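Values reported hereafter were calculated over all heavy atoms of this structure, with side chains retained and with hydrogens, waters and symmetry mates removed. Just so you know, these numbers come straight off a predicted model, no measurement behind them. Numbering starts at 1 and runs along the sequence shown.
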Amino acid sequence: MPEEFIKHFAADIYSSDIHHQGYILKIIADHHHGMDISAIQEYFQLSRRTIYKYIESINEVAKLAEENETD
C-alpha cells in the first residue's frame, strides 16, 4: 500500500484496526524471510495479543479470497 493512499484517502474510510492490519501485512510482505511478533512490535505500540488478532484477521481474509477465486 502506498503511503500517500494510506495517509490521505484511506484515513477517512478505514478504522485504526484496518490501518494496523494493512501496515502489518506490508511489513511482513517486505521481509521475505518472515518476522516474529517481537519484531513487529518494534513498529507498533501494540500488544502481542492484538498483533496475533490482526494476523488472524489477515489470514481469514486471505483464506476467503482464495476460496472465492475464480479461474
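- Here the straight-line distance linking atom CG of Asn59 with atom CG of Leu64 works out to 11.0 Å at 0.5 Å rounding.
- Atoms OH and CD1, on Tyr54 and Ile40 in that order, are 12.5 Å from each other to the nearest 0.5 Å.
- Tyr43 is not listed as a side-chain neighbour of Lys26, based on a closest heavy-atom distance of 4.5 Å or more.
- Distance check, rounded to the nearest 0.5 Å: CD1 of Ile18 to CD1 of Ile58 gives 9.0 Å.
- Linking ILVMFWY side-chain heavy atoms closer than 4.5 Å, directly or via other members, places Ile37 and Ile24 in a single hydrophobic cluster.
- Environment of CD in Glu66: sparse, with no more than 12 heavy atoms of neighbouring residues, nucleotides or ligands closer than 6.0 Å.
- Distance check, rounded to the nearest 0.5 Å: CZ of Arg48 to NZ of Lys53 gives 16.0 Å.
- Between the CE atom in Met35 and the NE2 atom in His32 there is a gap of 12.5 Å [rounded to 0.5 Å].
- Here the straight-line distance linking atom CG of Asp36 with atom NE2 of His31 works out to 10.5 Å at 0.5 Å rounding.
- Gln21 contributes no side-chain N or O that, together with a main-chain N or O of Ile55, makes up a donor-acceptor pair within less than 3.5 Å.
- A 4.5 Å side-chain heavy-atom check between Ile27 and Phe44 finds at least one atom pair inside the cut-off.
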Check against side-chain contact (heavy atoms from CB on, under 4.5 Å), Gln41 and Leu46: CA-CA 6 Å; Gln41 279 184 297; Leu46 300 172; 5.8 Å; no
